[in-house]
Structure formats: C-alpha cells, structure tokens
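Everything numeric in this text was worked out from a predicted model, so none of it was measured. Sequence lines set the chain letters: A, B, ... in the order given, protein chains first and strands last, and positions in each chain run from 1.
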There are 2 protein chains.
Amino acid sequence: MSALRAVADQSHQQKAEWLDRIHKGDCVSTLEKLPEKSVDVIFADPPYNLQLNGDLHRPDQSKVDAVDDEWDQFDSFAAYDAFTRAWLLAARRVLKPNGTIWVIGSYHNIFRVGASMQDLGFWILNDVVWRKTNPMPNFRGRRFQNAHETMIWASRDQASKGYTFNYDALKAANDDVQMRSDWLFPICTGAERLKDENGDKIHPTQKPEALLARIMMASTKPGDVVLDPFFGSGTTGAVAKRLGRHFVGIEREQAYIDAANERIAAVKPLDRADLAVLPGKRAEPRVAFVNLIDNGIMKAGTTLYDAKKRWAAKVRADGTLAIGELAGSIHRVGAQVQGLEACNGWTFWHYERNGGLTQIDELRRIVRLGMERAGA
Amino acid sequence: MSALRAVADQSHQQKAEWLDRIHKGDCVSTLEKLPEKSVDVIFADPPYNLQLNGDLHRPDQSKVDAVDDEWDQFDSFAAYDAFTRAWLLAARRVLKPNGTIWVIGSYHNIFRVGASMQDLGFWILNDVVWRKTNPMPNFRGRRFQNAHETMIWASRDQASKGYTFNYDALKAANDDVQMRSDWLFPICTGAERLKDENGDKIHPTQKPEALLARIMMASTKPGDVVLDPFFGSGTTGAVAKRLGRHFVGIEREQAYIDAANERIAAVKPLDRADLAVLPGKRAEPRVAFVNLIDNGIMKAGTTLYDAKKRWAAKVRADGTLAIGELAGSIHRVGAQVQGLEACNGWTFWHYERNGGLTQIDELRRIVRLGMERAGA
DNA sequence: TGTTAGATTGAATCGACGT
DNA sequence: AACGTCGATTCAATCTAAC
C-alpha cells in the first residue's frame, strides 16, 4: 500500500483515541498503557542530567539562567541509568517492529543513553550531530565552545530492515548529494520560542522545529505515528501536525501541557502536495586562518608581509602571527603594527610567490572551495 | 617556569629511556610497566570492531567470538566493556593528575567508551566532532552518510582544574572567536597516507595529522609527553615530533611499528620559535594595586572614576579605595558601587590625564614592564 | 517612521592562589 | 582542606530604546 493510500484510509476510519493528544503522567507508566507495536517513530529528549555546581556569570557579570529544574536532578550515574533503561524498555514495547527511535542528548548523558540502547538490543543506524549556528559561548575560556548536540537514530533491533528512510527525498533536498550525519540549525529563539506573559521562556530546552522537521522528513511517511515521551513544549506535536503525521505526547507538568496544546492548536497542516520535499539550509563557510595550516596550504615558519613590505611576520604552529615579542591573530597583529583599532588580516598580509606578493585571502578562497563540499 | 624554559631544561637533562619510542606489546600490560603520573596527554584510538573480525581480545587475551544473535551480542558488548575499562584504568595510572585524555570513536563504540570513562571517574570536558570533508558515501542508501567521528576530551577527575588548554592561542588562530566543538578536516589520503610496496594502505584507519595537530596545539605545551596506547601507523608520534612534544607509543603489530618508525624518522621538527604558544592574560604576573603606590606611579589621595564618571573614589595610602564610609580593594569597591558580586577594578577604575580618563590598567602595564626588565 | 546603538539571552558539568 | 580575595571571561540573534 502506498503512503498516500495509507493516509486516505486512515482519514476514513475511526482514529484511535490515544492519537494526536498529550497524555499527562509519568513517562514509563503512561507508555505501559499504550498499545504495543503501535508507533512508527519515537523522538525522545530525556533529561540530560547536567551536574552544575555554583552559579555561572557572563563577562558582563549577568547570571546565566541554568537548567536547574527538579526533573533534571539524579543522585548518581546508576540512578540515571536505571531511569534510562526503564523508559527505553517501555518505549521499545510500543514501537512497531520496523519502527525507529531518535534520542537527543549532550556529552553529559548521551554516552550512557547510547550504551543502554545497545544493551537493550536497539540497533544504531546513525549518530547525527546537530551543529548550532548560535550556541552559547564558553564564558570562562576553559573549554571548547559546546556547539553541538548528538542524536542517536536506531531501529528496534538488528533484524529490523524495513524501517522508513526517505533517502531520495533527502538527497534531492540536499542539492543532489547524500544527506550527511552533521546538520546545521539555529537554536530555538525569536517568535518560535514560547514565552509566558512576562516574556520568560516557558520551557528551558525547547527544540527548533526545523530539527524535528528534518527528522520526520527522513524517517516517517505521511500518516505515521510519532511518539514523544518527554513532550515538553510540544515541538514534536507541532511539526507532526504541520507535516501530516500523527503524534502522541507524554508529559508530567500541566504548565507544559497547556502551552503545547495551545501551540499545536494554532498549527495549520501543510497541503498534502507540499509534503514532498523540504530544502536544507546552507551556510556560508567560514574559514579561519588556522584552516590554512590544517590543510597544509600554509606552513608554520612562513614569513608574511604587508603589500609594501614594511613589516614581516612569522606564522607560528598555533595559527598565530608573531613579530618579535608581538603576537596574536593575523588581524590583531596587522592592527598593532599600523597603530589601528582593527585590521582585516586576510587582505593586509601577503606571502611570497613567483617573486611577487600575493594576498593570503587568495588561499582562503582555495580552502573555502574545499569546505563547501562539506556544507560547512 | 615558562614553557620555553621547560623545553630548554628538558633538553639538557637525561631524557627518560621510555620516551620517544614505540613499545611493542599488549596495551594494558605495557601501560603497567610505565611510571605512574608521567604523561601529560593521552590520545587513544581504540579498536571498535565489535564482531566484524577477530582482532578484538578480552583482557586475558582470549578472542571474542564473532556472533550475531542477541545474547551473544550482549556478550560481546560486555567483553568490549571489560577491554575498555582495563585499558582506561591502566591509562589513568600513567596520566598526571592534571593530564587529559582524548578518545576517538564512532557510534559503534563511542557510547560504551564514554560511559566507561564516566564510571571510572574521568571528567568529560568536551565531546568534539570531527566532520569529514570527504567521507565515504553510504552505498546502500539506507542510512545517512556517516560523515563524522566523535572524540571525548576528559580530565583525570572532576577536581583536576589545572589541565592545559591554550584558549587564547586557539581563539587567535580561529579569527578571534573561540574554537568550537565541531572541527572540519579531510580524511587521510594522498601523500600523507602510508602505503606498502603494492600501493595498499598499511593501516585501515590512519588519522590525519591535522587532527592530531589541533589536539596537541589545544591541550599540550612544548616538551609535554603525549601517550598513544593504540599507536598504529604513528600519526601521534609524527605530529608530536614535529610540534616539539615527546611521544610514547604502544603497539602490538610489528608491521605497524616498522612503518611508524620509518615515518617518524623522516619528520623534521619545527623551530622552537615557531612553536611558541600565545599566552593569555592569565599567564601575566600578578600585580597588587599597592605596588603602584610603592613605585610612586600612583599617589595616595588621587581620585579615581569609572568610565562615565558616575562614581568617584579616593586612593588611600594602604592601597585601598574609599567612597565615604565604603572602603576596600579596587575590585570590592567597584563591585559594591555597581551592586554586583564581582568586578575587575583594573579595567573599571580610571584616572584623569590630559583632561580625559585613562584605565588604571595602563599603569599596571608599566609596572609589569619594569618587572620584566628587572628579570623578576 | 526608519536606523542604530545598546541590552538581553541560550541544556553550562566553565578559577587561581595565598593563608 | 577550607576560605577569602584577586580578577579573567562571550557569539550570534533577537529585542528594546534612543535618535
């Protein structure tokens, strides 16, 4: 039976009462009340078990609004693992034999979740990285900016070969190359972010609709049932309704349920004809000076000059530029030698080639060509 | 002692015999022969073939059977976990208290490895994604193109705060924005890829040197010791030698050892000057405000202002600042008047000069210059 | 009404040092 | 070991207020 026939059939028959609504209650016990093997895809955004100590302040001394909610507190790794295995088992029961599950997390929890999924027999198909265009910075300068989250996509078990993967549609939407395992999306802000009457965010970790849309376009067909056992602000439901999929939400907190119901009621489903393809977003690849060294196009120890050879600076292995004691980025050093506040190092600095001088910006163009292929 | 002094010292004293060479043998038992707390950074690229071929061994050297039913699958996961815990524990013993460890893997093994690391007390600092510009395509069209691998960067334990992270150098190399957790590099191909006389690749998973260079530039200083317990084709050794770091390799197979030794012998180290790491402000010597008064650069009784002249405070002879009854350090008083918890008095307070206002931090720079000349 | 400078904010496991 | 003090630290986007 074709996907479109399935949609038509479903609309003519009695819809199950547990579909397209939010079930209030504990995740595990509510899952146990749902019929087994009834769900095509599960999207789960479980608590991350962040282990935060004191407060964190920005350089301007404002306080970071941390995720310190009661639902994210666990006594130990063992307690978190027990919680994880319980909801994964309950979720597995309601999943169709050819269904798949998506779980999103950060380095705080995703390794534990992934190991538990493997232990319970789920068969990992991909791990997919959500790269954030606008992540929160690292304020103390003690780590890399945490700029991504990880999603695990798995089938019910190794033998499940009949899962849905809309390979050709994804490829067509991705400029006719295969969809990769690293996706670029902004975090959820602006008009999409649910706010209360005071302008405060309703849910601390609302996911962007574009992320859920990509997931559903990849791994579901119109009319499929998508279950979200940690429904929160209801992104899964809103996107499912818009894309002509059924949703099932499970959520404990009434405030989230109310907000999600209101949100979903306002969603207008797309026409069936528009459900075919959803184009992906491309970003201008940003090239940093260090990428020239990474690619071997620029070597540590190379001397750079300004256009009139008034200054000479050496490239160091760490990707900085140095003139004697003066060292820093290509931009800082360019500004310093000229006594200016700012300087575009890409156009200011040159390297020797064929007896003449060439802007290093020329090398950036070469690297950018290579990065574009990767959809940087 | 500065990083450069440390390098110089090390080169003059007797180098330990276990440095800068490949130790042949099993990973765990060889690690147990190395001195404890002797290694600054570990880079580990452990095997992740759960049941694909036969080179996964239990800690007791018995072979894990290649199996595919569910029970044996769990059995092989358990064996892999035991193997993982064994080498992680042995690695932890040789790691300095402020050392860090990098482990790279794919979705087949990285979740198990990450969970084991947390269980053993390693404290995850970041997970870092290596995005491949040129990943292998997915041939069956049943999954997303697997276009990345995951690295876990962790300190020895939660209390280890003194680990090396060259934040300022990375930021300067990255066009003056902080380095993110997603890195873009090509896979190892072309001239860099080791081949045998038949043109076949010598090692199946040779890592690109640019990846290791980024890791070492981020988390080591010149002269540090970098250990690789799964040395393989020796990328870690080649990059360490080029970047003025010591390496320790452990490898079982003689063919890999031979190839790696030949490879490393051909590496030419960079000049020491090109290896300097851009220091941050934290590396600058501390200056107490009272030193300005001691040096006569600042006189008791001087009035200081914030940038907008909203507050005026008087310098007292003991190096404190006072506004009426309110008195304390330049930092405390700056924080108090703004109603904040903290404040950097050096950048907050200004003095009058030539009719305008100048940060007192300018005077600190003068004092530091004097300290440098005195060889302090 | 349009433009621009300034303020706000996002899943955060975010010191060092001397007493 | 616990505690107090010094003082270092942010990117992209949206929202608001001033001009």
Touch class at under 4.0 angstrom, heavy-atom based, for B/Gln118 against every strand present: base

Base of D/dT9 paired with side chain of A/Gln61 (donor-acceptor, under 3.5 Å): yes

Salt bridge present between A/Arg112 and B/Asp119 (N-O < 4.0 angstrom): yes

Sugar-phosphate, base or nothing in reach of A/Thr205, heavy atoms under 4.0 Å: base

Close side-chain approach of A/Ser181 to B/Tyr107, heavy-atom, < 4.5 Å: no

Shortest side-chain distance from B/Arg364, nucleotide among D/dA8, C/dA11, C/dG10: D/dA8

Pairing partner (Watson-Crick or G-U wobble, both distances under 3.5 angstrom) of D/dC3: C/dG18

Position toward the 5' end of DNA chain D (nearest nucleotide), B/Val177 or A/Gly190: B/Val177

Salt bridge flag under 4.0 Å for residues A/Glu149 and A/Arg131: no

Options D/dT9, D/dT10, D/dC6, nucleotide nearest the side-chain atoms of A/Arg58: D/dT10

Base partner of D/dC15, which must satisfy Watson-Crick or wobble distances under 3.5 Å: C/dG6

Charged N-O contact under 4.0 Å between A/Asp65 and A/Lys201: yes

Pair of N/O donor and acceptor under 3.5 Å linking D/dG7 base with B/Arg332 side chain: no

Closest to side chain of A/Ser62, choosing from C/dG10, C/dT9, D/dT9: C/dT9

Gap in Å between the two P atoms, one belonging to D/dG7 and one to C/dC14, rounded: 23 Å

Sugar-phosphate only, base, or nothing, as touched by A/Trp71 at under 4.0 Å among non-hydrogen atoms: base

Among D/dC11, C/dA11, D/dG7, the one nearest A/Glu149 by side-chain distance: C/dA11

Most 5' of A/Lys201 and B/Trp123 on DNA chain C, judged by nearest nucleotide: A/Lys201

Donor-acceptor contact present, side-chain B/Asn166 to main-chain B/Thr220, <3.5 Å: yes

Selected nucleotide, minimal atom distance to A/Asn146 side chain, candidates C/dT9, C/dA11, C/dA12: C/dA12

Residue whose nearest DNA chain C nucleotide is more 5′ - A/Gly199 or A/Arg142: A/Gly199

Whichever of A/Asn138 and A/Ala191 has its nearest DNA chain D nucleotide further upstream toward 5': A/Asn138

